[in-house]
**Q** 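Okay, handing you the structure first.
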Amino acid sequence: ICFTTGVNENINSDVFLFPNPSSGIFTIEMEDVTGKMADVEIYNVLGEEVYAELVSASVTTINLSAAAKGIYFVLLRFASKDEVYVQKIIIE
């Protein structure tokens with residue numbers, strides 16, 4: 001028996017990641033969440049956490065320029081909204 005797993009990306013119109021692909025420095029823009037706390041966690045394709053931060057700004061710049069090139073998953077968890085968003089970012 002073979003099971004496959006994956007990430008169900010919740011592309012929400014309130015959350016934007018850009019530029020994508022990037023050199024490792026990218027911006028997360030969260031509309032309608034100003035003043036609310038969000039956990040930002042970034043994982044590589046092996047599921048290892050490579051970055052974590054608690055943010056409250058609606059615009060946050062992330063610097064992963066020292067990370068290896070590849071695909072990463074950005075997880076945003078909003079306690080106030082009880083929602084989790086996952087978006088893919090490519091570092092070139």
Side-chain angles (χ1 to χ4, degrees):
I1 297 176
C2 180
F3 296 100
T4 59
T5 59
V7 173
N8 182 10
E9 293 186 68
N10 182 355
I11 305 301
N12 186 286
S13 61
D14 294 340
V15 179
F16 304 95
L17 269 65
F18 57 90
N20 191 11
S22 79
S23 62
I25 299 173
F26 59 94
T27 300
I28 301 172
E29 183 176 316
M30 302 170 276
E31 293 183 355
D32 299 327
V33 294
T34 303
K36 297 178 183 168
M37 302 300 277
D39 283 313
V40 177
E41 301 168 2
I42 301 176
Y43 296 89
N44 63 19
V45 292
L46 300 175
E48 300 167 329
E49 185 178 81
V50 297
Y51 183 90
E53 181 180 3
L54 182 64
V55 298
S56 62
S58 60
V59 177
T60 301
T61 300
I62 306 291
N63 186 344
L64 289 182
S65 58
K69 295 178 181 180
I71 298 171
Y72 292 83
F73 298 96
V74 179
L75 184 140
L76 300 165
R77 185 175 293 130
F78 297 96
S80 62
K81 297 174 95 176
D82 196 30
E83 295 177 331
V84 175
Y85 303 110
V86 177
Q87 292 193 16
K88 182 172 41 179
I89 186 95
I90 299 170
I91 296 179
E92 296 184 322

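Residues take their numbers from the sequence shown, with the count starting at 1. Worth saying up front: this structure is predicted, and the values here are computed from it rather than measured.
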**Q** Could you state the interatomic distance from CD1 (I42) to CG (L64), rounded to the nearest 0.5 Å?
**A** 4.5 Å
**Q** Could you give the distance from CD (Q87) to CG (L76), rounded to the nearest 0.5 Å?
**A** 7.0 Å
**Q** Are the side chains of M30 and Y85 in touch, meaning some heavy atoms are under 4.5 Å apart?
**A** no
**Q** If hydrophobic clusters are built by linking Ile, Leu, Val, Met, Phe, Trp and Tyr wherever their side-chain heavy atoms come under 4.5 Å apart, do V45 and V86 end up in the same one?
**A** yes
**Q** CG of N44 to CD1 of I71: how many Å apart, nearest 0.5 Å?
**A** 11.0 Å
**Q** Rounded to the nearest 0.5 Å, what's the gap from CZ on F73 to CD on E49? Could you check?
**A** 15.0 Å
**Q** Can you name the residues that form a salt bridge (charged side-chain N to carboxylate O under 4.0 Å, His left out) with E53, not counting sequence neighbours?
**A** none
**Q** Side chains of residues 15-23: which donor-acceptor pairs under 3.5 Å do they make with residues two or more places apart or in other chains?
**A**
unit_1: N20; atom_1: OD1; unit_2: I90; atom_2: N; d: 3.0
unit_1: N20; atom_1: ND2; unit_2: K88; atom_2: O; d: 2.9
unit_1: S22; atom_1: OG; unit_2: G24; atom_2: N; d: 3.0

